[in-house]
Each structure stands twice: as structure tokens, then as C-alpha cells.
4 protein chains.
Amino acid sequence: MASALISKYDLIMKASLSLFTERGFDATTIPMIAKRAEVGTGTIYRYFDSKETLVNVLFQESIQRFSEKVKRNYSEMPVREGFRHIFCCLVQFTKESDYALFFLETKKDAHYLNETSKKMIENLTQMLDDFFNKGKTEGVIRSLPSNVLIAIVLGAFLKLYQLMQQGDIEMNADLISELEQCCWDAIKLHSLTSEE
Amino acid sequence: MASALISKYDLIMKASLSLFTERGFDATTIPMIAKRAEVGTGTIYRYFDSKETLVNVLFQESIQRFSEKVKRNYSEMPVREGFRHIFCCLVQFTKESDYALFFLETKKDAHYLNETSKKMIENLTQMLDDFFNKGKTEGVIRSLPSNVLIAIVLGAFLKLYQLMQQGDIEMNADLISELEQCCWDAIKLHSLTSEE
Amino acid sequence: MASALISKYDLIMKASLSLFTERGFDATTIPMIAKRAEVGTGTIYRYFDSKETLVNVLFQESIQRFSEKVKRNYSEMPVREGFRHIFCCLVQFTKESDYALFFLETKKDAHYLNETSKKMIENLTQMLDDFFNKGKTEGVIRSLPSNVLIAIVLGAFLKLYQLMQQGDIEMNADLISELEQCCWDAIKLHSLTSEE
Amino acid sequence: MASALISKYDLIMKASLSLFTERGFDATTIPMIAKRAEVGTGTIYRYFDSKETLVNVLFQESIQRFSEKVKRNYSEMPVREGFRHIFCCLVQFTKESDYALFFLETKKDAHYLNETSKKMIENLTQMLDDFFNKGKTEGVIRSLPSNVLIAIVLGAFLKLYQLMQQGDIEMNADLISELEQCCWDAIKLHSLTSEE
DNA sequence: GATGAATGAGCTTTCATTCAT
DNA sequence: AATGAATGAAAGCTCATTCAT
């Protein structure tokens with residue numbers, strides 16, 4: 001009786017997300033997930049058709065929640081503030097669920113992603129693309145292809161986030177603020193005064 | 001007559017490196033490697049004790065060649081030039097072998113890395129650490145932990161390199177030069193004149 | 001309803017014991033065992049870690065059950081009676097399970113035996129050793145090293161048992177009785193009256 | 001030049017005989033044989049069509065040489081002397097080649113024996129059968145089926161021989177003599193005086 | 001709904017055999 | 001004649017998936 005504070009579904013999602021992040025999709029087995037989620041292996045198949053379905057649901061859920069977070073009223077912000085908003089979304093995401101950024105390390109041509117997942121990557125990319133285009137038009141962001149700009153920021157963030165997960169660094173407000181500045185510096189269009 | 005322009009060993013190395021880079025270690029099977037290298041599956045085991053040995057040899061070879069490239073007389077360079085040197089090594093590496101940067105996407109706690117491989121990551125990290133420390137001492141680089149600085153630059157580069165491999169961007173001298181500047185901007189200590 | 005009269009574990013034990021006895025460890029494949037036990041190959045690995053574990057469990061079970069049978073109150077018997085007891089244990093064992101004497105044909109330095117199995121051989125040998133020593137002290141058994149006496153009796157029995165398994169002879173009470181006498185004659189100390 | 005004191009053929013025979021005896025047919029690999037014989041693996045196939053051919057040639061050679069040894073003028077001997085002759089053949093065989101008694105531990109239905117080999121076992125058995133029949137007719141040997149009598153003697157001898165090979169006992173003239181007596185005692189018809 | 005025993009396709013690996021040298 | 005690199009069939013073993021309970 002009682003129990004079920006967290007639904008089995010959520011336990012499976014949580015367990016598989018953490019394992020996929022730690023070991024990758026292919027090195028994670030269904031029994032491993034079942035054990036960490038403390039459910040039977042068969043139970044996983046009551047909620048997900050297959051391991052592939054599971055990873056795609058997970059992927060889509062992550063990217064969906066992130067996209068919605070970003071979308072919220074950032075379009076009217078000035079570019080600099082919009083960038084900070086995006087960066088904060090990344091950070092918040094990290095805080096909410098240690099493993100939520102699984103989608104950052106998944107290559108878009110990963111063999112296990114289905115069409116829907118790929119579509120959602122494209123949508124997120126498009127949204128960020130629009131943002132960077134705005135910045136480029138306004139002359140605040142370097143005029144590089146948007147996918148290049150995205151690669152720089154997300155690539156940097158992914159590795160930082162991995163450091164944190166490995167316990168190599170501890171994130172505090174000051175560090176986050178400085179890292180955001182680093183990323184911004186990477187893509188901002190520096191005034192034409194004598195730089196090195 | 002003729003034939004054997006490339007040794008079987010090299011064919012296997014090349015095939016597995018490309019597959020590991022495309023699909024990851026766990027999603028790459030020995031039959032896949034054999035097929036791409038155009039050798040029998042048994043042949044792979046004449047050269048490597050196991051799949052794990054193979055990936056570690058590959059990993060160590062990559063990181064070794066990269067380390068040696070970087071090491072060559074960069075210690076006397078000024079920091080800005082030293083950074084450019086490191087960046088160019090990354091780029092050159094990419095050019096020499098489409099897949100040579102396999103080690104960039106391998107997490108240091110990957111389940112298939114052996115102790116030697118982990119040691120070599122540490123050594124490379126230490127070398128870069130020394131470089132960044134010098135920069136920090138001289139006040140040209142942000143005073144952030146070295147692993148943070150490394151994460152930013154390598155993280156950004158990794159994602160850019162993936163874009164290139166997917167055929168999404170084409171690297172030319174101008175682009176490389178600008179990307180190098182982006183990465184430098186991310187970690188350089190900006191003068192305290194009006195920023196933002 | 002019904003079914004499962006015998007557990008899968010027992011089916012596997014029985015099937016592998018018969019195959020190991022017929023063909024030896026190395027010529028017996030897991031698929032062969034699976035087929036004879038009428039289970040899937042994977043099922044075997046639910047019960048045993050490896051083929052080597054399986055053969056050792058089997059070996060230890062056989063030798064254990066035999067040892068316990070022998071041990072039961074034979075130490076107080078007169079030597080001649082004790083010998084008959086041991087011989088009867090061998091025969092009974094044969095009756096209970098057609099293949100239970102697998103351990104008789106396994107050389108003690110077989111490459112697949114683990115330390116525990118080797119220890120158990122030693123223990124059984126020690127027990128028999130003690131028995132023969134008693135007989136030698138009393139002057140009823142030839143004063144040969146115990147391992148020699150054991151070799152004679154078990155060696156003879158093993159070959160007889162193989163004949164029976166091949167269907168070449170049929171064991172009945174009279175034959176058993178005579179064979180026991182043969183073995184006893186082989187090791188007993190004959191009085192010094194005119195022999196030959 | 002020089003060299004070739006022993007032909008490659010003989011080296012291969014010797015090496016495989018020792019390995020088959022130590023490890024059994026199935027646990028012995030062609031590379032193992034090649035290594036011990038100090039020849040290339042390919043060389044083995046210049047002399048033998050297959051691993052199975054090799055083991056059968058070996059088996060037949062062993063049994064042939066043993067049969068011939070036994071055959072030599074034993075038919076006219078008295079039974080007791082004939083038995084001693086057979087036993088001495090076994091011992092001599094052991095001395096000539098440490099592994100020559102490989103055929104003793106091979107079950108007649110071993111999966112690798114071909115028809116010729118099985119025929120030769122039958123022939124040897126027949127020869128011994130005749131001998132034991134003679135003994136039975138003369139009333140010196142127990143009236144048991146000949147295969148039973150053979151099993152007792154060869155079974156006992158095989159185990160003794162294994163003890164010797166493991167270095168557990170050392171064969172000297174006295175011991176051999178006593179062991180021969182043991183075996184004879186096992187099968188001889190004891191006079192009807194009060195026995196135990 | 002929940003479970004985990006059972007399964008077999010497909011993995012990693014071995015090895016008898018071939019064949020260019 | 002002799003070799004050993006190369007091979008692929010088949011071994012031992014794993015694991016996504018099913019299904020009786």
C-alpha cells in the first residue's frame with residue numbers, strides 16, 4: 001500500500017537518462033536501467049515499446065523542455081540579454097536534472113535517433129538560428145554561420161557541464177557568470193579597436 | 001604482384017577509427033570493422049588482442065601524435081602565439097586524418113579506456129594546464145581553472161569539427177583564422193575598458 | 001498448468017553431465033547442451049556464469065555426493081568390509097545417475113578444473129588414503145603407496161563402468177559381487193602360501 | 001646445412017602425442033602442436049590432411065606398435081607367463097615413449113576416431129580376448145567376459161601410468177613386478193581354499 | 001499492472017585450414 | 001618443401017524482448 005511517490009514511468013526515465021549520460025546509449029543495457037530504477041525489466045516494456053523508443057522519448061522530452069524554457073519571451077530581448085537568457089536556460093536545466101542535457105552530447109546523426117527526434121533538433125537549431133541572425137543583423141554578433149556559433153557555445157557548455165558532473169569543478173553564481181561572459185566573448189563582434 | 005599498398009594493420013586502424021568516430025565504441029561491431037577494412041574478422045585478432053585493445057591503441061596513437069605535434073617548441077612562444085599554435089595543431093590533425101580527433105569526444109571515464117590511456121589524457125591535460133597557467137600569470141588569460149579553459153576551447157572545437165565532418169561547413173583559411181580568434185576571445189582576459 | 005516437472009537447472013545439469021561424460025569437456029558445446037536439455041542457450045547462462053563454472057559445479061556436486069556416501073560410518077568397519085562399502089558406493093552412484101562418476105575420468109590437472117575442485121579431489125583422496133593406511137597397518141592390504149592402490153581400484157572400476165555405459169555388459173548382483181572380489185584381490189595382501 | 005636429425009614428420013607426431021595425452025584431442029590446437037614441434041602450422045598440413053587424420057595416424061601407430069610387441073611369440077607361453085608378457089609390453093611401451101599409451105585413455109567411441117582406428121581396437125581386443133579365453137579354459141583365469149578382464153587390467157594400468165606421468169610415483173623393477181602381481185591377482189582364479 | 005525467467009539473434013572471439021610467398 | 005598471414009565457420013556469451021505467472 002501507499003508508496004508510488006514517484007511513478008514507475010518517471011523512475012525509468014530518470015534511471016535511463018542518468019545511465020545514457022554516463023555510459024552512452026549502446027553501453028547501457030535494459031537490465032541496468034531496471035536495476036537503477038528498481039523495477040522489473042518487463043515493466044520497462046509496459047511504458048516503452050523498445051529501448052530505441054525509450055531513448056527517443058527521453059531525447060524529445062529533454063529537448064522539448066529546454067526549447068520551451070528558451071522560447072518564453074526571449075524574442076523581444078536585446079541580443080546580449082537574449083544570449084544570457086539562453087545560457088541561463090542551459091544552467092537551470094543542469095540544476096533541475098543532473099542529466100537533462102543528454103541531447104547536447106548526442107550527435108544529430110546518432111544511429112538510434114528517429115525522425116521526430118531529428119526534426120526537433122532542427123527546430124531548436126532553427127530557433128537559435130533566428131536569434132543569432134538577429135544578432136548578426138544588428139552587428140553585435142560575428143557574422144559566422146549560425147550552426148558555427150551554436151557549435152561554439154554548446155560545445156563549450158557541454159564540456160563544462162561534463163567537468164561539473166565528474167565533480168572536477170563546482171558551479172557557483174560567480175563562475176556561471178564568468179563562463180557566460182566567456183561564451184559571449186567567443187561569438188560577439190568585437191569593436192574594431194586594436195585587438196590582439 | 002603489386003597489391004598490399006596499405007598494410008592490413010593500417011586498414012584496420014583506419015576502418016575502426018572512422019567507425020568509432022561515427023558510431024561510438026559500443027555501437028561499432030567487429031564485423032563492421034572487418035567489412036570496412038576489407039579483411040576477415042579473424043584478421044583483426046592477429047593484430048589486436050581484443051576490441052578493447054584496439055580502441056586503446058587507437059586512442060593512444062591519436063593522443064600521442066597530437067601531443068607531439070603540440071609539444072614541438074611551443075613553450076618559448078608568447079602566449080597568444082602559443083594558443084594559435086595549439087589551435088593549428090587541432091586543425092592540422094583534422095586535415096591529416098579525418099578521424100584523428102577521436103580522443104576529443106571520448107570522456108576520460110569511458111568504460112573501455114585502460115589505465116595507460118587515462119594516463120595519457122592526464123599528461124596532455126597537464127601540458128595544456130602549464131600553458132594556460134603561464135597565460136594566467138602573465139595576465140593575458142582569464143584566471144579560471146585550467147580544466148575550465150581547456151573545456152571551453154576543446155569543447156567548441158569538437159563541435160566545429162563534427163559540423164565539418166557532417167559536411168555542414170567547409171573549412172578554409174579565413175574561417176579557421178576567425179574560429180581561432182573566437183576561441184581566443186573566449187578565454188583571453190579582456191582589458192577593463194567598457195565592454196558588454 | 002502442470003509442466004516443469006524438472007527444473008531447468010536440473011535439466012541443464014543432467015544434459016551437460018551426460019555430454020561431458022560421452023564426449024569430454026572440450027568437445028561438448030553449449031548449443032549441444034542447450035539442445036539436449038531442451039532450453040535456450042541463454043538459459044544456461046542464467047544458472048551458470050560460464051561453461052567452466054558449469055563443469056566445476058557438476059564436478060564438485062558429483063564428488064561431494066560420492067564423498068558423503070562413502071564417509072557414512074565406514075571408519076569403524078573392518079577393512080574388508082570397508083572396502084566392500086566403498087565399492088558399493090561406486091556401484092550405487094552409477095545406479096543413481098548414469099553419469100555421476102564423471103569425476104573418475106577427469107584427470108586432476110585438467111585445464112578446466114578450478115582450485116575448489118582440485119581441493120575436493122585431494123580431500124577424497126585423503127579419505128581413501130586413510131582407509132588404505134589402516135588396511136596396511138593391519139597387514140591385510142599390500143604395502144603399496146595409497147595413491148597406487150586407489151589408482152588400481154578406481155582405474156579398473158572406471159573402465160568397467162564405461163563398458164556398462166556402452167551397453168557391452170549388464171551389471172547384476174552376481175557380477176558386481178565378483179568384480180568387487182577382483183578389485184579386492186588386486187590389493188589384498190595374499191598369505192605367503194604357495195601362490196602363482 | 002646439416003640439421004634434420006629428426007624428421008619434421010616425427011617432430012609433429014611426438015609433439016601432438018604429448019599434447020593429446022596432456023590435454024586431450026579437443027583442447028589441443030594446431031598452433032600448439034606447431035609450436036611444440038617447432039614447425040610452421042602449414043607444415044603440419046603437408047604431412048597430415050587434417051587434425052583428425054593426425055590423431056588417427058597417431059592412434060593407429062600406437063596401437064599397431066603395441067599389438068606387434070604383444071603378438072611376438074606369446075601364444076605358446078603358459079597363461080601366467082603370457083600375462084606377464086602383456087604387462088611388460090605395457091611397461092616397455094611407457095618407457096619407449098612417455099605418451100605412447102594414448103590409446104588406453106581413448107574411449108572406443110571417441111568422436112574423432114575413424115573406422116580404421118575402431119577396427120584396430122577391435123583387433124587388439126580380439127587378440128587379448130583369445131588370450132583370456134585360453135586362460136579361462138585352462139581354469140587359471142576367472143570366468144568373466146574377456147572385455148571385463150581387459151577393462152580391469154588396462155583400467156588399472158592406465159591410472160598407474162598417469163600417476164607416473166604426473167610424477168607422483170617412480171617406476172622401478174620391484175614396483176613394476178608387484179603391480180603386475182596385483183593385476184594378475186585381480187583376474188586369476190583363486191583356489192577354493194578359504195579366502196576372505 | 002508488475003515481474004523476472006526464458007529465449008535466440010547477434011555479438012566477440014577462436015582455430016582448423018588455405019595459399020601466396 | 002616450409003612458412004605463417006589470412007580467413008570464416010562456429011564457438012562462448014550477452015541482452016533486447018516476450019510472456020506465463
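Between C/K107 and D/E22 there is no salt bridge, since none of the side-chain N atoms of the basic residue sits less than 4.0 Å from a carboxylate O of the acidic one. Residues A/E96 and A/R65 are paired through a salt bridge, judged by an N-O separation under 4.0 Å between the basic side chain and the carboxylate.
Here E/dT12 presents its P atom at 20 Å from OH of B/Y47, a figure rounded to the nearest Å. Rounded to whole Å, atom P of F/dC19 lies 18 Å from atom CD1 of A/I44. Remark: C1' of E/dG4 and CZ of A/R46 are 14 Å apart, rounded to the nearest angstrom. Distance CE (B/M32) to C1' (F/dG8): 18 Å, rounded to an integer number of Å. Rounded to whole Å, the distance from CD1 on A/I12 to P on F/dT17 is 14 Å. Summarising the geometry, the separation between CD1 on B/I33 and C1' on F/dG8 is reported as 17 Å, rounded to the nearest angstrom. A straight line from CG of D/D26 to P of F/dA10 spans 16 Å, rounded to a whole angstrom. In this structure, the CD1 atom of D/I30 is 20 Å from the P atom of F/dT7, given to the nearest Å.
D/F48 has its ring centre less than 6.0 Å from the ring centre of D/Y9.
Nearer to the 5' terminus of DNA chain F, by closest-nucleotide assignment, is the contact made by D/T43 (compared with the other of A/S50 and D/T43). Of the residues near DNA chain F, B/T41 and C/T29, the one whose nearest nucleotide (by heavy atom distance) lies more toward the 5' end is B/T41. Summary of the strand contacts: D/E52 and C/K8 both lie near DNA chain E, and taking for each the nucleotide with the nearest heavy atom, the more 5' one is attributed to C/K8.
Backbone-only contact: C/T28 has heavy atoms under 4.0 Å from sugar-phosphate atoms and none from a base. Residue contacts for C/F48: at a heavy-atom cut-off of 4.0 Å it reaches no nucleic acid atom on any strand shown. Heavy atoms of D/Y9 sit nowhere under 4.0 angstrom from any nucleic acid atom.
Searching all strands for a Watson-Crick or G-U wobble partner of E/dG8 with both distances below 3.5 Å returns F/dC15. Checking F/dA20 for Watson-Crick or G-U wobble geometry (two distances, each under 3.5 Å) identifies E/dT3 as its partner.
No side-chain donor-acceptor contact under 3.5 Å links A/K108 to the backbone of A/S117.
Under 4.0 angstrom from either OP1 or OP2 of F/dA11 there lies no side-chain N or O belonging to C/K51. Note on B/Y45: every side-chain N or O is 4.0 Å or more away from OP1 and OP2 of F/dT7.
For the 3.5 Å distance criterion, the side chains of A/S50 and A/T53 qualify, holding a donor opposite an acceptor.
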